[in-house]
Amino acid sequence: MAYWLMKSEPAEVSIDDLAARKVVPWFGVRNYQARNFMRDAMQVGDLAFFYHSSCAAPGIAGICEVCAPAHPDDTQFDPASPYFDPKSTPDKPRWLCVDVKFVQKTRLVSLTELRRQPALDTMQLLQRGSRLSITPVSDAEWQFITRELM
DNA sequence: GCCAACGTTGGC
DNA sequence: GCCAACGTTGGC
């Protein structure tokens, strides 16, 4: 079992949206590293911090669980979607997504608060220039955040 | 809106 | 395969 951090713009899918919908496909990832995490490393049952990005109050807003393995991301085939990829075809899909289900909403653990913790110095999210939308979280980082900051 | 950092594209 | 130009991310 592994831990992850997954960024979502709350204007698109917030933790409240996930709570209401219960399960959502993690559509819209258009970065190969993040895609490969979903395809090669994520397992059903893995837990992830649900992170609000590109918003007024960036930070961890809840916890979700991977509930379906990687499958083609439908939005790549939809010309009306901002995630449309004309170079991808249904028989050879380029972009994949896992499904995640709601586990719980937490208090908002802000990015500045995360940065303040020496215990989280090596967390991938907090590294200089880091902008991957899916990053691994170590056991120690997960335990620290859930026990000390939530 | 700015801009640093990083990723992708495409000509050569 | 190199690398300049361009695009994107995402915090501020």
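Order of the sequence lines sets the chain letters (A, B, ...), proteins ahead of strands, with each chain counted from 1. Only a predicted model underlies this, so the values are computations on that prediction, with no experimental measurement involved.
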Round to a whole Å and report the spacing from [atom1] of [X] to [atom2] of [N].
X        : N      : atom1 : atom2 : result
A:Leu125 : C:dT9  : CG    : P     : 16 Å
A:His52  : C:dG11 : NE2   : C1'   : 16 Å
A:Met6   : C:dG10 : CE    : P     : 13 Å
A:Arg115 : C:dG11 : CZ    : C1'   : 8 Å
A:Arg35  : B:dG7  : CZ    : P     : 15 Å
A:Glu9   : C:dT8  : CD    : C1'   : 11 Å
A:Leu132 : B:dG7  : CG    : P     : 7 Å
A:Ile134 : C:dG10 : CD1   : P     : 11 Å

Exercise. A:Asn31 has a side chain; which of C:dG11, C:dC12, B:dG7 sits nearest to it?
Worked result: B:dG7

Exercise. Is A:Gln76 reaching over with its side chain to a backbone N or O of A:Asp73, donor-acceptor style, under 3.5 angstrom?
Worked result: yes

Exercise. Can you find a donor-acceptor pair, distance only, under 3.5 Å between A:Arg131 side chain and C:dT8 base?
Worked result: yes

Exercise. Any side-chain N or O of A:Tyr32 less than 4.0 Å from the OP1 or OP2 oxygen of B:dC6?
Worked result: no

Exercise. Taking only side-chain nitrogens and oxygens of A:Lys7, does any of them come within less than 4.0 Å of OP1 or OP2 of C:dT9?
Worked result: no

Problem set entry | Audit row: A:Asp85, A:Arg94, salt bridge (Lys or Arg N to Asp or Glu O under 4.0 Å) steps and yes/no | CA-CA 9 Å; A:Asp85 183 349; A:Arg94 179 180 296 195; 3.6 Å; yes

Check residues 5-14 of chain A and write down every donor-acceptor pair under 3.5 Å in which the side-chain atom is one partner and the other belongs to a residue at least two apart or another chain.
from, atom 1, to, atom 2, distance (Å)
A:Lys7, NZ, A:Leu132, O, 3.3
A:Ser8, OG, A:Val13, O, 2.6
A:Glu12, OE1, A:Tyr83, OH, 2.7
A:Glu12, OE2, A:Tyr83, OH, 3.4
A:Ser14, OG, A:Asp16, N, 3.3
A:Ser14, OG, A:Asp17, N, 3.1
A:Ser14, OG, A:Asp17, OD2, 3.2

Exercise. Do the ring centers of A:Trp4 and A:Phe37 come within less than 6.0 Å of each other?
Worked result: yes

Exercise. Across the strands shown, which category fits A:Gln33 at heavy-atom distances under 4.0 angstrom: base, sugar-phosphate, nothing?
Worked result: sugar-phosphate

